[in-house]
J.: 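Next up is a structure, given as structure tokens.
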Amino acid sequence: MTNVEKIKQTEAYVHNQLSGEASGHDWWHIYRVTKLAKTIASVEGADVFICEMAALLHDIADEKLNESEEAGLKKVESWLQRIEVEEASMKHIMEIIASMSFKGGGQPPMKTVEGQVVQDADRLDALGAIGIARTFAFGGAKGNIMYDPSIKPRRDMSKEEYQKRDNTAINHFYEKLLKLKGLMNTPYGKQLAEDRHLYMEQFLNQFYKEWEGER
Ligand code: ADP
Ligand code: NI
């Protein structure tokens, strides 16, 4: 199988695994992250095949979709073996996926530029217009209200507090989204994050104005 065919097969596999997923890990999230990862990879001179494969598979191992993180990682590994990705690439892709998700902070830094690229692409999908839309969609699905001026954002959350997710949608900007710009790995990822960050700040300013009945 050529690399192009491996990508095609993996797309179909992931699409099938995630269809009907409503926790924010839907196929279109994967679609956007993969596109962005390819773009950042070319700009940064990273291995595009590794980035594309890791981006496609990055949510398959998520603990929300599996019995455990280990079971999720096993699933990814079996898939890579099935389509005969060579050993070194397989190890690399697995390592990226294992170190990926945010979980309230404190995850190990990415060891390779390919890992940095995929992590940047995933974070960027939580920012900008898409990030705003995902935040309100997620909050709505959880039954959270969008805003209450008397509920202040939490400053230092434990992993447990973060995972309870009983905040307002607006507070999620302060508890997570506005911090992501400072966590970007690659120069091009940083640049894209700056743009999307600015867009969210403008959104919040307008939101507060309208909240108070201003123009
Ligand atoms: P995490 O990596 O923080 O576990 P997910 O990947 O599960 O987050 O989040 C899916 C989407 O939902 C992201 O766009 C994220 O910003 C958003 N989201 C996560 N937690 C909340 C929350 N408590 N309120 C609103 N949006 C949230
Ligand atoms: Ni993701």
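All ligand and atom numbering here is 1-based and tracks the order in the structure. None of these values were measured; they are calculated from a predicted model.
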J.: Could you list which atoms of ligand 1 come closer than 4.0 Å to a heavy atom of L177?
T.: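 Those atoms are 16 (O).
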
J.: Verify whether the ring centers belonging to Y208 and Y147 lie closer than 6.0 Å.
T.: yes

J.: Suppose I only count heavy atoms of T135 and a 4.0 Å limit; which atoms of ligand 1 are within that range?
T.: 25 (C), 26 (N)

J.: Roughly how far apart are T135 OG1 and N144 CG, rounded to 0.5 Å?
T.: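 Those atoms lie 11.5 Å apart.
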
J.: Round to 10° and report the angle made at the Ni ion (ligand 2) by OD1 of D122 and NE2 of H29.
T.: 90°

J.: Would N167 count as being in polar contact with ligand 1, using the rule that some N or O on each side must be under 3.5 angstrom apart?
T.: yes

J.: What's the spacing between D120 CG and N185 CG if we round to 0.5 Å?
T.: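 Atom-to-atom, D120:CG and N185:CG are 4.5 Å apart.
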
J.: Please find out if less than 6.0 Å separates the ring center of W28 from that of Y31.
T.: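 Here the rings of Y31 and W28 have centres that are less than 6.0 Å from each other.
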
J.: For residues 56-79, which residue pairs pass the ring-ring contact (aromatic ring centres under 6.0 Å, His included) check, not counting sequence neighbours?
T.: Y13-W79, H29-H58

J.: I'd like to check the salt bridge (charged side-chain N to carboxylate O under 4.0 Å, His left out) partners of K111; sequence neighbours left out, ordered by chain and number.
T.: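 E95.
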
J.: Using a strict cut-off of 4.0 Å, indicate which atoms of ligand 1 neighbour a heavy atom of K176.
T.: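 Atoms satisfying the 4.0 Å criterion: 1 (P), 2 (O), 3 (O), 8 (O).
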
J.: Report yes if H172 has an N/O atom closer than 3.5 Å to an N/O atom of ligand 1; otherwise report no.
T.: yes

J.: Kindly confirm or rule out an N or O of N144 lying under 3.5 angstrom from an N or O of ligand 1.
T.: no

J.: Looking at the Ni ion (ligand 2), which N/O/S atom of H58 is the nearest one?
T.: NE2

J.: If you take the nearest heavy atom of each of E175, R134, M146, which one is closest to atom 14 (O) of ligand 1?
T.: R134

